[in-house]
*Asks:* 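What follows is a structure written as structure tokens; I'll ask about it next.
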Amino acid sequence: MKKKIVSVLLTATMAAGLLAGCGGNSGDAQAKGGSGKKGDYDLTLYSINTTDPDFDEWQKNVEDATGLKLNVIAAPTDSDTRQQKITTILSTGDSSVDIIEINDEMSASFKNSGWLEGLNDTVMTEDIRSEFPQGYLEDMITDQDGNIVGVPGYSGYLAFWVNQEIMDEVGITSIDTKEDFMKYMEAVSKDGRYGYGGSWEKTYVFNEVAQFVNMFGGDYFDWTNPANKEAIQFLHDMVQNGQTPIDQIADKYEQMNPKANDGKYGSWFMWGLGTDYEKADMLGQDKIHMAMVPDFSGKGERAIFTDSWSYVLNKASKNKEAAEKFLKYMAEEGGMEASYKAFDRYPARADVAAKVVPDTDPAKEMYSRYAEECNVQGRPMLPQTMEFITDMGTIYQSCMKDEITVDDFCKKAQELVDKYSK
């Protein structure tokens, strides 16, 4: 069976306004596995995976391997409610929950809050953390004092995708450099078809803007960097040259992927393993598939983002010994293999992936190459994550529509970085 990574869309967690009250087992956060009575379990896990059909099998694996009894609370499916509840648990010192799964957006907000326990000396020791993507650890789950505050649950890359049928049609065999990419844009873009397609809705386009900035060797937090301007100018020129459509500013992945399946795009960036393409019978080396990220810098450097949901330890927990035992298992081969089999979560550790992911998994070769050949980083986020993302997306759309110039965009972008860095 082909495995599919759970795609974590950029807006999976919107920033909460007013904090809602959080009752441990009330409303849409129900206890699962364990009676919920004090003393009947060793720790409480706040999980996003309880609706998965293989969750019970996963929980049994964890309990058998660790000797722990888990009390599991199902996290709300609504992203706003979920962030509100998790924020309330942590900010109020609520000790009823020990381990919580958080995404990158929440990590950016919480990692320097003092609400999470550092794991350097207990779980993410030097020998263990060296096996994880170093850029991701540093960018997303390391606090200002150097403490790693989470165990990544998987690796999911913002992969570069191509349509092989279109590549064959125009006679281009690889897109390895900026020059290759530009030739592909020119060859493909005609008659309602575009060399590049994107998801440019204002809360989604952050992924691609940051990706292009990285590919040009820029710095998303420094818009005085000439490479940043070069990246935005490049994207703007693609719009002007009819190589990518301006109307995609309304598109999220749900709208982008059907267009990719219909052959309207020659290339694009997308999280996950292409579930939508597989459902449309368009996934395969002769159709739509992942490819190596092009080197735009000309320096032999390739940039790619990875994301994850991470397990974090509530500093207010009264069950830290049991919680650390759970986290150690999640960071080890056994825990990662269990998550891969139950939740289709590609192991965050490259050494573990090499062992437990079968060669028949179509992602294995490219994911291994991404890990080995690319500068793997977490996405550039600031504590007020969604406000920053939304404002950047808004001015980006204005630039692409020629309501402001590229220079204006760079100036406004730096003002937003300064505003949300305070």
Side-chain angles (χ1 to χ4, degrees), residues 6 24-25 29-75 86 89-90 94-102 116-132 137 141 147-155 308-357:
V6 179
N25 297 331
Q30 297 295 324
K32 180 183 178 72
S35 69
K37 295 179 181 179
K38 186 176 180 180
D40 288 352
Y41 49 84
D42 297 296
L43 65 90
T44 294
L45 167 68
Y46 202 79
S47 176
I48 61 169
N49 289 310
T50 58
T51 57
D52 191 286
D54 294 322
F55 183 85
D56 289 342
E57 182 179 345
W58 173 85
Q59 182 175 342
K60 184 177 186 305
N61 173 286
V62 174
E63 292 182 336
D64 289 347
T66 61
L68 298 170
K69 182 67 175 176
L70 306 185
N71 179 50
V72 182
I73 296 177
I86 291 175
I89 290 170
L90 294 173
D94 183 349
S95 63
S96 65
V97 175
D98 303 295
I99 300 291
I100 303 173
E101 288 184 85
I102 65 172
L116 305 177
E117 189 76 15
L119 305 174
N120 292 34
D121 299 329
T122 55
V123 179
M124 298 293 280
T125 52
E126 187 173 352
D127 58 323
I128 296 296
R129 62 177 179 262
S130 66
E131 301 294 347
F132 287 88
L137 292 187
I141 55 173
N147 300 306
I148 296 176
V149 296
V151 175
Y154 67 93
S155 279
S308 188
W309 285 74
S310 295
Y311 295 101
V312 297
L313 173 53
N314 181 1
K315 191 163 246 182
S317 167
K318 299 184 184 304
N319 301 305
K320 288 182 180 175
E321 184 176 346
E324 288 166 0
K325 190 173 185 179
F326 169 87
L327 290 171
K328 286 179 181 178
Y329 185 62
M330 289 299 100
E332 295 172 355
E333 179 178 334
M336 290 196 173
E337 183 174 18
S339 294
Y340 173 70
K341 290 180 176 179
F343 308 137
D344 308 317
R345 288 180 149 192
Y346 202 91
R349 288 174 50 173
D351 62 328
V352 171
K355 291 181 181 180
V356 307
V357 178

*Asks:* Is the gap between the ring centers of F343 and Y154 under 6.0 Å?
*Replies:* no

*Asks:* To check you understand the geometry: which heavy-atom pair defines the closest contact between V72 and S47, and what is its length?
*Replies:* CG1-CB, 4.0 Å

*Asks:* Kindly give the heavy-atom pair with the smallest separation between G150 and L119, and that separation in Å.
*Replies:* N-CD1, 3.8 Å

*Asks:* Might you work through the side-chain contact (heavy atoms from CB on, under 4.5 Å) test for V356 and E333, ending with a clear yes or no?
*Replies:* CA-CA 8 Å; V356 307; E333 179 178 334; 4.0 Å; yes

*Asks:* For D64, look at atom CG and say whether over 12 heavy atoms of other residues, nucleotides or ligands are found less than 6.0 Å away.
*Replies:* yes

*Asks:* Who passes salt bridge (Lys or Arg N to Asp or Glu O under 4.0 Å) against E332, sequence neighbours left out?
*Replies:* none

*Asks:* So which atom in A322 and which in L43 form the shortest heavy-atom distance, rounded to 0.1 Å?
*Replies:* O-CD2, 3.4 Å

*Asks:* Could you state the interatomic distance from CZ (R349) to NZ (K355), rounded to the nearest 0.5 Å?
*Replies:* 8.0 Å

*Asks:* Would you say S308's side chain and G153's backbone share a donor-acceptor pair under 3.5 angstrom?
*Replies:* yes

*Asks:* Counting distance only, does the side-chain N/O of S130 pair as donor-acceptor with the main-chain N or O of D127 below 3.5 Å?
*Replies:* yes

*Asks:* Applying the side-chain hydrogen bond (donor to acceptor under 3.5 Å, both in side chains) criterion to N71, which one of D98, D40, N319, T44 satisfies it?
*Replies:* T44

*Asks:* Does Y340 form a side-chain contact (heavy atoms from CB on, under 4.5 Å) with R345? I'd like the steps, not just the answer.
*Replies:* CA-CA 4 Å; Y340 173 70; R345 288 180 149 192; 5.6 Å; no

*Asks:* Salt-bridge test for E337 and K341: reply yes if a basic N is under 4.0 Å from a carboxylate O, no otherwise.
*Replies:* yes

*Asks:* Nearest 0.5 Å, what's the CD-CG distance between Q59 and N49?
*Replies:* 11.5 Å

*Asks:* Could you give the distance from CZ (R129) to CG (L137), rounded to the nearest 0.5 Å?
*Replies:* 9.0 Å

*Asks:* Do the non-hydrogen side-chain atoms of L45 and Y311 ever get within less than 4.5 Å of each other?
*Replies:* yes

*Asks:* Might you point out which heavy atoms bring V97 and I100 nearest each other, and give the distance in Å?
*Replies:* CG1-CG1, 3.5 Å

*Asks:* Is S317 close to S95 at the side-chain level, that is, under 4.5 Å between some pair of heavy atoms?
*Replies:* no

*Asks:* So does V123 get a backbone contact from the side chain of E324, meaning a donor-acceptor N/O pair under 3.5 Å?
*Replies:* no

*Asks:* Locate the shortest heavy-atom distance separating D42 from G67; write the atom from each residue and the value.
*Replies:* OD2-O, 4.1 Å

*Asks:* Taking atom NZ of K320 and atom CG of N314, what is their separation to the nearest 0.5 Å?
*Replies:* 8.0 Å

*Asks:* Side chains of K325 and L68, heavy atoms from C-beta outward: is any pair under 4.5 Å?
*Replies:* yes

*Asks:* What's the separation between atom CE in M124 and atom CG in N147, rounded to the nearest 0.5 Å?
*Replies:* 12.5 Å

*Asks:* Run M330 and V62 through side-chain contact (heavy atoms from CB on, under 4.5 Å) and show every step you take.
*Replies:* CA-CA 9 Å; M330 289 299 100; V62 174; 3.8 Å; yes

*Asks:* List the atom of A348, the atom of S155, and the distance in Å for their closest heavy-atom pair.
*Replies:* CA-OG, 3.3 Å

*Asks:* So do the side chains of V312 and L90 get within less than 4.5 Å of each other, counting heavy atoms only?
*Replies:* no

*Asks:* Calculate, to the nearest 0.5 Å, the distance between atoms OG1 and CG belonging to T66 and N61 respectively.
*Replies:* 9.0 Å

